[in-house]
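Written below as C-alpha coordinates is the structure these notes are about.
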Protein chains: 2
Amino acid sequence: MVRDKKATKAKLLEAALTEFATYGIAGARVDRIASNAGCNKAMIYAYFGSKEDLFEEVLKIQIARVIEAVPITPDDLPGYAGRLFDTYERQPELLRLAGYHRLENGFEAISKAEGDMHVEKVAAIAEAQRSGRLPAEFEAEELLGLVVHMSILAFSTPVATRALVVKAVARLVGQRAEQRFAHRTEDQLRRSR
Amino acid sequence: MVRDKKATKAKLLEAALTEFATYGIAGARVDRIASNAGCNKAMIYAYFGSKEDLFEEVLKIQIARVIEAVPITPDDLPGYAGRLFDTYERQPELLRLAGYHRLENGFEAISKAEGDMHVEKVAAIAEAQRSGRLPAEFEAEELLGLVVHMSILAFSTPVATRALVVKAVARLVGQRAEQRFAHRTEDQLRRSR
DNA sequence: CGCTCCTAACTAACCGGTTGGTTGATTAGA
DNA sequence: TCTAATCAACCAACCGGTTAGTTAGGAGCG
(Lines give C-alpha, C1' and ligand atoms only; values in the text may rest on other atoms or scores of the structure.)
Protein backbone atom coordinates (compact mmCIF):
# COMPACT_ATOMS: atom_id res chain seq x y z
CA MET A 1 0.00 0.00 0.00
CA VAL A 2 1.28 3.43 -1.00
CA ARG A 3 0.51 6.61 0.89
CA ASP A 4 0.15 9.31 -1.72
CA LYS A 5 -2.27 12.12 -1.02
CA LYS A 6 -2.24 13.39 -4.60
CA ALA A 7 -2.82 9.95 -6.12
CA THR A 8 -5.61 9.23 -3.65
CA LYS A 9 -7.34 12.50 -4.47
CA ALA A 10 -7.03 11.72 -8.17
CA LYS A 11 -8.52 8.25 -7.73
CA LEU A 12 -11.39 9.71 -5.71
CA LEU A 13 -12.03 12.41 -8.31
CA GLU A 14 -12.15 9.87 -11.11
CA ALA A 15 -14.52 7.57 -9.26
CA ALA A 16 -16.64 10.56 -8.28
CA LEU A 17 -16.85 11.69 -11.90
CA THR A 18 -18.29 8.35 -12.96
CA GLU A 19 -20.61 8.15 -9.97
CA PHE A 20 -22.02 11.67 -10.26
CA ALA A 21 -22.39 11.43 -14.04
CA THR A 22 -24.28 8.18 -13.63
CA TYR A 23 -26.53 8.91 -10.66
CA GLY A 24 -26.55 12.69 -10.18
CA ILE A 25 -25.83 14.47 -6.93
CA ALA A 26 -28.75 13.13 -4.91
CA GLY A 27 -28.40 9.66 -6.38
CA ALA A 28 -24.65 9.35 -5.91
CA ARG A 29 -23.42 7.28 -2.97
CA VAL A 30 -20.24 8.21 -1.18
CA ASP A 31 -19.62 4.62 -0.15
CA ARG A 32 -19.68 3.60 -3.79
CA ILE A 33 -17.26 6.37 -4.76
CA ALA A 34 -14.81 5.35 -2.04
CA SER A 35 -15.16 1.69 -2.92
CA ASN A 36 -14.61 2.24 -6.65
CA ALA A 37 -11.63 4.44 -5.90
CA GLY A 38 -10.21 1.75 -3.64
CA CYS A 39 -10.05 4.26 -0.80
CA ASN A 40 -11.64 4.69 2.57
CA LYS A 41 -14.75 6.83 2.73
CA ALA A 42 -13.23 9.09 5.36
CA MET A 43 -10.70 10.34 2.81
CA ILE A 44 -13.49 12.00 0.88
CA TYR A 45 -14.35 14.10 3.90
CA ALA A 46 -10.72 14.74 4.74
CA TYR A 47 -9.87 15.94 1.24
CA PHE A 48 -13.09 17.43 -0.10
CA GLY A 49 -15.27 18.26 2.88
CA SER A 50 -18.60 16.90 1.75
CA LYS A 51 -20.42 15.10 -1.02
CA GLU A 52 -21.56 18.42 -2.51
CA ASP A 53 -18.07 19.92 -2.33
CA LEU A 54 -16.69 16.86 -4.10
CA PHE A 55 -19.26 17.30 -6.85
CA GLU A 56 -18.32 20.96 -7.29
CA GLU A 57 -14.68 20.00 -7.56
CA VAL A 58 -15.37 17.35 -10.18
CA LEU A 59 -17.54 19.71 -12.20
CA LYS A 60 -14.97 22.51 -12.03
CA ILE A 61 -12.29 20.20 -13.40
CA GLN A 62 -14.48 18.99 -16.25
CA ILE A 63 -15.53 22.51 -17.25
CA ALA A 64 -11.93 23.70 -17.22
CA ARG A 65 -10.96 20.75 -19.40
CA VAL A 66 -13.56 21.58 -22.04
CA ILE A 67 -12.79 25.30 -22.01
CA GLU A 68 -9.16 24.53 -22.56
CA ALA A 69 -9.80 21.86 -25.18
CA VAL A 70 -12.21 23.92 -27.28
CA PRO A 71 -11.26 27.60 -27.68
CA ILE A 72 -13.86 29.77 -29.35
CA THR A 73 -13.43 30.68 -33.02
CA PRO A 74 -15.75 33.61 -33.74
CA ASP A 75 -14.97 33.37 -37.45
CA ASP A 76 -16.10 29.75 -37.50
CA LEU A 77 -18.99 29.23 -35.15
CA PRO A 78 -20.24 26.11 -36.95
CA GLY A 79 -16.84 24.56 -36.37
CA TYR A 80 -16.89 25.72 -32.76
CA ALA A 81 -20.23 24.01 -32.21
CA GLY A 82 -18.92 20.91 -33.96
CA ARG A 83 -15.87 20.74 -31.77
CA LEU A 84 -18.00 21.18 -28.65
CA PHE A 85 -20.17 18.35 -29.96
CA ASP A 86 -17.08 16.18 -30.39
CA THR A 87 -16.01 16.87 -26.84
CA TYR A 88 -19.40 15.99 -25.41
CA GLU A 89 -19.47 12.83 -27.47
CA ARG A 90 -16.04 11.81 -26.28
CA GLN A 91 -16.74 12.71 -22.63
CA PRO A 92 -20.46 12.28 -22.04
CA GLU A 93 -19.87 12.77 -18.33
CA LEU A 94 -19.56 16.52 -18.66
CA LEU A 95 -22.98 16.98 -20.23
CA ARG A 96 -24.59 14.78 -17.61
CA LEU A 97 -22.73 16.54 -14.79
CA ALA A 98 -23.73 19.96 -16.05
CA GLY A 99 -27.31 18.78 -16.52
CA TYR A 100 -27.60 17.54 -12.97
CA HIS A 101 -25.92 20.68 -11.68
CA ARG A 102 -28.40 22.91 -13.49
CA LEU A 103 -31.38 20.89 -12.29
CA GLU A 104 -30.32 20.39 -8.69
CA ASN A 105 -28.47 23.63 -7.94
CA GLY A 106 -30.51 26.09 -9.94
CA PHE A 107 -29.73 27.81 -13.19
CA GLU A 108 -27.66 30.76 -12.10
CA ALA A 109 -25.16 28.64 -10.19
CA ILE A 110 -22.18 28.72 -12.52
CA SER A 111 -18.60 28.09 -11.53
CA LYS A 112 -16.23 31.05 -11.48
CA ALA A 113 -14.02 29.79 -14.31
CA GLU A 114 -16.98 29.37 -16.60
CA GLY A 115 -18.20 32.90 -15.85
CA ASP A 116 -14.89 34.57 -16.68
CA MET A 117 -14.52 32.70 -19.94
CA HIS A 118 -18.10 33.52 -20.84
CA VAL A 119 -17.39 37.26 -20.78
CA GLU A 120 -14.33 36.78 -22.96
CA LYS A 121 -16.27 34.74 -25.48
CA VAL A 122 -19.07 37.27 -25.72
CA ALA A 123 -16.47 39.99 -26.32
CA ALA A 124 -14.84 37.94 -29.09
CA ILE A 125 -18.18 37.48 -30.82
CA ALA A 126 -19.08 41.17 -30.45
CA GLU A 127 -15.76 42.08 -32.03
CA ALA A 128 -16.43 39.78 -34.99
CA GLN A 129 -19.84 41.37 -35.36
CA ARG A 130 -18.41 44.91 -35.32
CA SER A 131 -16.02 44.01 -38.14
CA GLY A 132 -18.84 42.44 -40.12
CA ARG A 133 -17.61 38.87 -39.97
CA LEU A 134 -20.75 37.86 -38.10
CA PRO A 135 -24.32 39.10 -38.59
CA ALA A 136 -25.43 41.72 -36.07
CA GLU A 137 -28.94 40.29 -36.16
CA PHE A 138 -28.47 38.71 -32.73
CA GLU A 139 -26.92 40.18 -29.62
CA ALA A 140 -23.45 38.74 -29.02
CA GLU A 141 -24.54 37.01 -25.83
CA GLU A 142 -27.61 35.58 -27.52
CA LEU A 143 -25.52 34.30 -30.40
CA LEU A 144 -23.12 32.54 -28.06
CA GLY A 145 -26.06 31.04 -26.18
CA LEU A 146 -27.60 29.77 -29.41
CA VAL A 147 -24.38 28.19 -30.67
CA VAL A 148 -23.57 26.50 -27.37
CA HIS A 149 -27.14 25.30 -27.09
CA MET A 150 -26.99 23.79 -30.56
CA SER A 151 -23.85 21.91 -29.61
CA ILE A 152 -25.77 20.02 -26.94
CA LEU A 153 -28.43 18.92 -29.41
CA ALA A 154 -27.76 15.33 -28.41
CA PHE A 155 -29.24 16.16 -25.02
CA SER A 156 -32.73 16.37 -26.47
CA THR A 157 -32.81 14.18 -29.56
CA PRO A 158 -31.25 10.83 -30.43
CA VAL A 159 -30.91 11.82 -34.11
CA ALA A 160 -28.25 14.42 -33.32
CA THR A 161 -25.11 14.10 -35.41
CA ARG A 162 -22.07 16.30 -35.73
CA ALA A 163 -22.94 17.17 -39.31
CA LEU A 164 -26.44 18.23 -38.29
CA VAL A 165 -25.15 20.51 -35.54
CA VAL A 166 -22.60 22.13 -37.85
CA LYS A 167 -25.15 22.62 -40.61
CA ALA A 168 -27.74 24.10 -38.27
CA VAL A 169 -25.31 26.59 -36.77
CA ALA A 170 -24.09 27.50 -40.26
CA ARG A 171 -27.65 28.34 -41.28
CA LEU A 172 -28.19 30.21 -38.05
CA VAL A 173 -25.19 32.51 -38.30
CA GLY A 174 -24.83 32.60 -42.09
CA GLN A 175 -21.29 31.24 -41.93
CA ARG A 176 -20.02 28.32 -43.92
CA ALA A 177 -18.05 25.87 -41.83
CA GLU A 178 -14.42 26.61 -42.69
CA GLN A 179 -12.70 23.77 -44.46
CA ARG A 180 -9.93 23.38 -41.93
CA PHE A 181 -12.49 22.92 -39.17
CA ALA A 182 -15.32 21.20 -41.00
CA HIS A 183 -13.98 17.76 -40.25
CA ARG A 184 -11.46 17.06 -37.57
CA THR A 185 -8.41 15.20 -38.75
CA GLU A 186 -7.37 12.03 -37.00
CA ASP A 187 -4.41 13.95 -35.66
CA GLN A 188 -6.59 16.61 -34.10
CA LEU A 189 -8.75 13.98 -32.50
CA ARG A 190 -5.76 12.22 -31.05
CA ARG A 191 -4.23 15.40 -29.65
CA SER A 192 -7.37 16.52 -27.87
CA ARG A 193 -7.98 13.23 -26.16
CA MET B 1 -62.48 13.71 6.22
CA VAL B 2 -63.73 12.60 2.83
CA ARG B 3 -62.96 9.24 1.26
CA ASP B 4 -62.52 9.88 -2.42
CA LYS B 5 -60.05 7.72 -4.26
CA LYS B 6 -59.97 9.96 -7.32
CA ALA B 7 -59.41 13.13 -5.31
CA THR B 8 -56.71 11.49 -3.25
CA LYS B 9 -54.89 10.30 -6.37
CA ALA B 10 -55.14 13.82 -7.81
CA LYS B 11 -53.72 15.41 -4.67
CA LEU B 12 -50.87 12.90 -4.65
CA LEU B 13 -50.12 13.51 -8.32
CA GLU B 14 -49.99 17.25 -7.81
CA ALA B 15 -47.71 17.01 -4.80
CA ALA B 16 -45.55 14.50 -6.65
CA LEU B 17 -45.24 16.85 -9.63
CA THR B 18 -43.84 19.59 -7.43
CA GLU B 19 -41.60 17.22 -5.51
CA PHE B 20 -40.11 15.46 -8.54
CA ALA B 21 -39.65 18.71 -10.46
CA THR B 22 -37.83 20.20 -7.50
CA TYR B 23 -35.64 17.31 -6.37
CA GLY B 24 -35.56 14.78 -9.23
CA ILE B 25 -36.30 11.10 -8.85
CA ALA B 26 -33.44 10.18 -6.53
CA GLY B 27 -33.84 13.36 -4.50
CA ALA B 28 -37.61 13.16 -4.10
CA ARG B 29 -38.95 11.92 -0.76
CA VAL B 30 -42.17 9.96 -0.60
CA ASP B 31 -42.87 11.16 2.94
CA ARG B 32 -42.76 14.74 1.70
CA ILE B 33 -45.09 13.98 -1.19
CA ALA B 34 -47.61 12.32 1.13
CA SER B 35 -47.32 15.14 3.66
CA ASN B 36 -47.78 17.89 1.06
CA ALA B 37 -50.73 16.05 -0.42
CA GLY B 38 -52.26 15.72 3.03
CA CYS B 39 -52.41 11.98 2.58
CA ASN B 40 -50.89 8.95 4.19
CA LYS B 41 -47.74 7.58 2.61
CA ALA B 42 -49.31 4.16 2.21
CA MET B 43 -51.76 5.57 -0.32
CA ILE B 44 -48.88 6.17 -2.73
CA TYR B 45 -48.06 2.48 -2.71
CA ALA B 46 -51.70 1.46 -2.86
CA TYR B 47 -52.43 3.66 -5.88
CA PHE B 48 -49.15 3.90 -7.75
CA GLY B 49 -47.03 0.95 -6.69
CA SER B 50 -43.69 2.61 -6.15
CA LYS B 51 -41.85 5.91 -6.20
CA GLU B 52 -40.62 5.25 -9.74
CA ASP B 53 -44.08 4.28 -10.98
CA LEU B 54 -45.46 7.48 -9.48
CA PHE B 55 -42.84 9.49 -11.34
CA GLU B 56 -43.68 7.80 -14.63
CA GLU B 57 -47.35 8.59 -14.09
CA VAL B 58 -46.64 12.24 -13.34
CA LEU B 59 -44.38 12.57 -16.38
CA LYS B 60 -46.91 10.87 -18.66
CA ILE B 61 -49.60 13.33 -17.60
CA GLN B 62 -47.37 16.35 -18.14
CA ILE B 63 -46.23 15.18 -21.58
CA ALA B 64 -49.82 14.52 -22.64
CA ARG B 65 -50.80 17.98 -21.45
CA VAL B 66 -48.13 19.70 -23.52
CA ILE B 67 -48.83 17.59 -26.61
CA GLU B 68 -52.48 18.50 -26.37
CA ALA B 69 -51.84 22.16 -25.62
CA VAL B 70 -49.35 22.73 -28.45
CA PRO B 71 -50.24 21.00 -31.71
CA ILE B 72 -47.58 21.13 -34.39
CA THR B 73 -47.94 23.65 -37.21
CA PRO B 74 -45.56 22.58 -40.00
CA ASP B 75 -46.27 25.80 -41.90
CA ASP B 76 -45.17 27.86 -38.90
CA LEU B 77 -42.33 26.18 -37.10
CA PRO B 78 -41.09 29.41 -35.49
CA GLY B 79 -44.53 29.85 -33.96
CA TYR B 80 -44.54 26.20 -32.88
CA ALA B 81 -41.24 26.68 -31.09
CA GLY B 82 -42.55 29.88 -29.55
CA ARG B 83 -45.64 28.18 -28.24
CA LEU B 84 -43.57 25.34 -26.80
CA PHE B 85 -41.40 28.00 -25.15
CA ASP B 86 -44.51 29.61 -23.66
CA THR B 87 -45.65 26.29 -22.27
CA TYR B 88 -42.31 25.57 -20.66
CA GLU B 89 -42.25 29.05 -19.18
CA ARG B 90 -45.73 28.66 -17.77
CA GLN B 91 -45.08 25.13 -16.46
CA PRO B 92 -41.36 24.84 -15.69
CA GLU B 93 -42.03 21.52 -14.02
CA LEU B 94 -42.28 19.69 -17.33
CA LEU B 95 -38.83 20.70 -18.50
CA ARG B 96 -37.31 19.73 -15.17
CA LEU B 97 -39.20 16.45 -15.07
CA ALA B 98 -38.13 15.55 -18.59
CA GLY B 99 -34.56 16.56 -17.80
CA TYR B 100 -34.37 14.33 -14.77
CA HIS B 101 -36.02 11.50 -16.68
CA ARG B 102 -33.47 11.73 -19.49
CA LEU B 103 -30.55 11.82 -17.08
CA GLU B 104 -31.70 9.11 -14.70
CA ASN B 105 -33.52 6.71 -17.01
CA GLY B 106 -31.39 6.98 -20.13
CA PHE B 107 -32.08 8.75 -23.36
CA GLU B 108 -34.10 6.20 -25.25
CA ALA B 109 -36.67 5.80 -22.49
CA ILE B 110 -39.62 7.71 -23.92
CA SER B 111 -43.21 7.28 -22.89
CA LYS B 112 -45.57 5.61 -25.32
CA ALA B 113 -47.73 8.69 -25.93
CA GLU B 114 -44.71 10.78 -26.81
CA GLY B 115 -43.48 8.16 -29.27
CA ASP B 116 -46.75 7.95 -31.19
CA MET B 117 -47.07 11.70 -31.50
CA HIS B 118 -43.47 11.94 -32.61
CA VAL B 119 -44.15 9.79 -35.67
CA GLU B 120 -47.17 11.92 -36.58
CA LYS B 121 -45.19 15.12 -36.26
CA VAL B 122 -42.36 13.85 -38.43
CA ALA B 123 -44.93 12.86 -41.06
CA ALA B 124 -46.53 16.31 -40.98
CA ILE B 125 -43.16 17.97 -41.49
CA ALA B 126 -42.20 15.58 -44.29
CA GLU B 127 -45.48 16.41 -46.04
CA ALA B 128 -44.77 20.15 -45.77
CA GLN B 129 -41.35 19.52 -47.23
CA ARG B 130 -42.74 17.53 -50.15
CA SER B 131 -45.07 20.37 -51.06
CA GLY B 132 -42.23 22.87 -50.82
CA ARG B 133 -43.50 24.77 -47.79
CA LEU B 134 -40.41 23.74 -45.83
CA PRO B 135 -36.82 23.42 -47.05
CA ALA B 136 -35.73 19.87 -47.79
CA GLU B 137 -32.25 20.67 -46.59
CA PHE B 138 -32.80 18.73 -43.35
CA GLU B 139 -34.42 15.36 -42.85
CA ALA B 140 -37.91 15.72 -41.40
CA GLU B 141 -36.91 14.04 -38.16
CA GLU B 142 -33.82 16.21 -37.87
CA LEU B 143 -35.85 19.33 -38.46
CA LEU B 144 -38.33 18.42 -35.74
CA GLY B 145 -35.47 17.69 -33.38
CA LEU B 146 -33.86 21.03 -34.12
CA VAL B 147 -37.05 23.01 -33.59
CA VAL B 148 -37.96 21.25 -30.36
CA HIS B 149 -34.42 21.65 -29.13
CA MET B 150 -34.50 25.37 -29.83
CA SER B 151 -37.69 25.67 -27.81
CA ILE B 152 -35.85 24.52 -24.71
CA LEU B 153 -33.14 27.13 -25.13
CA ALA B 154 -33.89 28.34 -21.62
CA PHE B 155 -32.46 25.06 -20.37
CA SER B 156 -28.94 26.10 -21.28
CA THR B 157 -28.81 29.90 -21.20
CA PRO B 158 -30.41 32.51 -18.96
CA VAL B 159 -30.66 35.01 -21.85
CA ALA B 160 -33.30 32.91 -23.60
CA THR B 161 -36.40 34.84 -24.59
CA ARG B 162 -39.41 33.89 -26.66
CA ALA B 163 -38.46 36.36 -29.37
CA LEU B 164 -34.97 34.88 -29.60
CA VAL B 165 -36.28 31.34 -29.97
CA VAL B 166 -38.77 32.37 -32.66
CA LYS B 167 -36.14 34.34 -34.56
CA ALA B 168 -33.60 31.55 -34.40
CA VAL B 169 -36.03 28.94 -35.69
CA ALA B 170 -37.17 31.32 -38.43
CA ARG B 171 -33.58 31.66 -39.61
CA LEU B 172 -33.09 27.93 -39.32
CA VAL B 173 -36.05 26.87 -41.43
CA GLY B 174 -36.31 29.96 -43.64
CA GLN B 175 -39.87 30.65 -42.52
CA ARG B 176 -41.14 33.96 -41.22
CA ALA B 177 -43.18 33.61 -38.07
CA GLU B 178 -46.78 33.94 -39.23
CA GLN B 179 -48.53 36.96 -37.88
CA ARG B 180 -51.36 35.06 -36.24
CA PHE B 181 -48.90 33.03 -34.22
CA ALA B 182 -46.08 35.51 -33.71
CA HIS B 183 -47.56 36.81 -30.50
CA ARG B 184 -50.18 34.96 -28.54
CA THR B 185 -53.25 36.97 -27.73
CA GLU B 186 -54.39 37.26 -24.14
CA ASP B 187 -57.32 35.06 -25.07
CA GLN B 188 -55.10 32.30 -26.39
CA LEU B 189 -53.01 32.44 -23.24
CA ARG B 190 -56.06 32.17 -21.05
CA ARG B 191 -57.51 29.25 -22.98
CA SER B 192 -54.36 27.16 -22.84
CA ARG B 193 -53.89 27.54 -19.12
C1' DC C 1 23.88 2.92 7.07
C1' DG C 2 20.64 1.57 10.76
C1' DC C 3 17.75 3.08 14.30
C1' DT C 4 14.07 5.85 16.46
C1' DC C 5 10.40 8.99 16.32
C1' DC C 6 6.87 11.67 14.54
C1' DT C 7 3.47 13.03 11.45
C1' DA C 8 0.31 12.64 7.93
C1' DA C 9 -2.18 9.12 5.33
C1' DC C 10 -5.18 5.76 6.15
C1' DT C 11 -8.73 2.46 8.19
C1' DA C 12 -12.59 -0.11 10.59
C1' DA C 13 -16.17 0.52 13.14
C1' DC C 14 -19.63 3.16 14.44
C1' DC C 15 -23.62 6.77 14.76
C1' DG C 16 -28.00 8.94 14.55
C1' DG C 17 -31.18 9.99 11.40
C1' DT C 18 -33.61 8.91 7.18
C1' DT C 19 -35.39 6.02 3.46
C1' DG C 20 -38.73 3.38 0.60
C1' DG C 21 -41.87 0.26 1.62
C1' DT C 22 -45.31 -2.79 4.63
C1' DT C 23 -49.01 -4.19 7.71
C1' DG C 24 -52.77 -4.78 10.69
C1' DA C 25 -56.15 -2.04 12.70
C1' DT C 26 -59.72 1.67 12.00
C1' DT C 27 -63.46 4.04 9.91
C1' DA C 28 -66.42 6.52 6.50
C1' DG C 29 -70.01 5.74 3.67
C1' DA C 30 -72.91 2.92 0.66
C1' DT D 1 -73.28 -4.69 7.88
C1' DC D 2 -69.82 -4.85 4.57
C1' DT D 3 -66.20 -3.01 1.89
C1' DA D 4 -62.87 -0.06 0.34
C1' DA D 5 -60.32 4.01 1.74
C1' DT D 6 -57.30 5.54 5.20
C1' DC D 7 -53.98 5.63 8.91
C1' DA D 8 -50.42 5.08 12.71
C1' DA D 9 -46.88 2.49 13.66
C1' DC D 10 -43.34 -0.15 12.29
C1' DC D 11 -39.17 -2.14 9.81
C1' DA D 12 -34.79 -3.26 7.94
C1' DA D 13 -31.66 -1.31 5.06
C1' DC D 14 -29.20 2.54 3.96
C1' DC D 15 -27.24 7.16 4.17
C1' DG D 16 -23.77 10.96 4.93
C1' DG D 17 -20.64 11.89 8.14
C1' DT D 18 -17.39 11.10 12.38
C1' DT D 19 -13.85 9.21 15.32
C1' DA D 20 -10.53 6.72 17.73
C1' DG D 21 -6.99 4.17 16.59
C1' DT D 22 -3.35 2.14 13.17
C1' DT D 23 0.52 2.38 10.08
C1' DA D 24 3.65 3.77 6.27
C1' DG D 25 7.53 6.20 5.40
C1' DG D 26 10.48 10.22 5.55
C1' DA D 27 13.39 13.31 8.82
C1' DG D 28 16.77 13.56 12.22
C1' DC D 29 20.51 11.49 14.59
C1' DG D 30 24.41 8.75 15.81
Side-chain angles (χ1 to χ4, degrees), chain A residues 1-61 96-97 100-101 103-106 109, chain B residues 1-61 96-97 100-101 103-106 109:
Chain A
M1 174 207 319
V2 278
R3 299 194 161 206
D4 186 336
K5 184 171 172 176
K6 237 178 174 176
T8 300
K9 285 183 79 169
K11 279 194 295 179
L12 283 172
L13 284 170
E14 194 188 314
L17 171 61
T18 304
E19 178 74 11
F20 283 127
T22 306
Y23 301 103
I25 307 175
R29 299 291 165 242
V30 283
D31 291 276
R32 214 158 33 196
I33 293 173
S35 166
N36 288 337
C39 301
N40 190 280
K41 187 170 47 153
M43 306 317 294
I44 289 175
Y45 296 92
Y47 294 150
F48 301 100
S50 73
K51 188 187 174 185
E52 268 74 24
D53 290 344
L54 176 57
F55 177 86
E56 295 294 333
E57 189 68 24
V58 169
L59 180 64
K60 208 178 79 186
I61 291 172
R96 298 182 56 83
L97 241 47
Y100 276 119
H101 186 244
L103 285 171
E104 301 194 22
N105 292 21
Chain B
M1 173 206 320
V2 278
R3 298 196 162 205
D4 185 337
K5 184 169 172 177
K6 238 179 174 174
T8 299
K9 284 183 79 168
K11 281 194 296 179
L12 283 172
L13 283 169
E14 194 188 313
L17 171 61
T18 304
E19 179 74 11
F20 284 126
T22 306
Y23 301 104
I25 307 176
R29 299 293 167 240
V30 283
D31 290 276
R32 213 156 36 195
I33 293 173
S35 166
N36 288 336
C39 303
N40 190 280
K41 186 170 48 153
M43 306 317 295
I44 290 175
Y45 296 93
Y47 293 149
F48 301 101
S50 73
K51 187 187 175 184
E52 269 73 24
D53 290 343
L54 176 57
F55 176 87
E56 295 293 334
E57 190 66 25
V58 168
L59 180 65
K60 208 179 79 186
I61 290 171
R96 298 181 57 83
L97 240 48
Y100 276 119
H101 187 245
L103 286 170
E104 301 194 20
N105 291 23

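Below, chain A is the first sequence line, B the second, and so on; all start at residue 1.
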- Note on the structure: Numerically ordered, the residues 34-42 of chain A set in heavy-atom contact under 4.0 Å with DNA chain D is Lys41(A), Ala42(A)

- Would you kindly give the CG-to-C1' distance between Asp31(B) and dG20(C), to the nearest whole Å? 8 Å

- Task: Quickly work out the Leu54(A) CG to dG17(D) P distance and round it to whole Å.
- Result: 10 Å

- Message: Under 4.0 Å, counting only non-hydrogen atoms across every strand here, what does Tyr47(A) touch: a base, just sugar-phosphate, or nothing?
- Response: sugar-phosphate

- If you find the nucleotide of DNA chain D closest to Arg32(A) and the one closest to Gly49(A), which residue's nucleotide is nearer the 5' end? Arg32(A)

- Task: Among dG29(C), dA28(C), dT22(D), find the nucleotide with the atom closest to the side chain of Arg3(B).
- Result: dA28(C)

- Note on the structure: What one should report as the nearest heavy-atom pair of Lys11(A) and Cys39(A) is CE-SG, 4.1 Å

- Hey, can you pull the residues of residues 10-29 of chain B with a non-hydrogen atom under 4.0 angstrom from DNA chain C? Ala28(B), Arg29(B)

- Looking only at dA9(C), dG20(C), dT6(D), the nucleotide nearest the Met43(B) side chain is dT6(D)

- Query: Do Ile25(A) and Asn105(A) touch side chain to side chain, with heavy atoms closer than 4.5 Å?
  - Reply: yes

- Side-chain contact test, heavy atoms from C-beta onward, threshold under 4.5 Å: evaluate it for Leu54(A) versus Ile33(A) and give yes or no. yes

- Please determine if a side-chain N or O atom of Tyr45(B) lies less than 4.0 Å away from the OP1 or OP2 oxygen of dT22(C). no

- Message: So, does Thr8(A) get its side chain near the phosphate of dC10(C), meaning an N or O under 4.0 Å from OP1 or OP2?
- Response: yes

- Item | Backbone of Tyr47(B) reached by a side-chain donor or acceptor of Lys5(B) within 3.5 Å | no

- Message: Whole angstroms only, please: what is the NZ-C1' distance between Lys6(B) and dA4(D)?
- Response: 17 Å

- Query: To the nearest angstrom, how far is Ile33(A) atom CD1 from dG17(D) atom C1'?
  - Reply: 13 Å

- Query: Would Glu19(A) and Phe55(A) count as a side-chain contact (heavy atoms from CB on, under 4.5 Å) if you check the C-alpha gap in whole Å, the side-chain angles of each, and the deciding distance to 0.1 Å?
  - Reply: CA-CA 10 Å; Glu19(A) 178 74 11; Phe55(A) 177 86; over 6 Å; no

- Message: Tell me the interatomic distance from Lys51(B), atom NZ, to dT19(C), atom C1', rounded to whole angstroms.
- Response: 8 Å

- Message: In the structure I gave you, are the side-chain heavy atoms of Phe48(A) and Leu13(A) within less than 4.5 Å of one another anywhere?
- Response: yes

- Check Leu12(A) against Ala34(A) and note the closest heavy-atom contact, atom names and distance. CD2-CA, 4.3 Å

- Test item: Thr22(B) side-chain N/O and Thr18(B) main-chain N/O as donor-acceptor pair under 3.5 Å: yes

- Task: Let me know the distance between NZ of Lys9(A) and C1' of dC10(C), rounded to the nearest Å.
- Result: 15 Å

- Message: Contact between Val30(A) and Tyr45(A) at the side-chain level, heavy atoms closer than 4.5 Å - yes or no?
- Response: yes

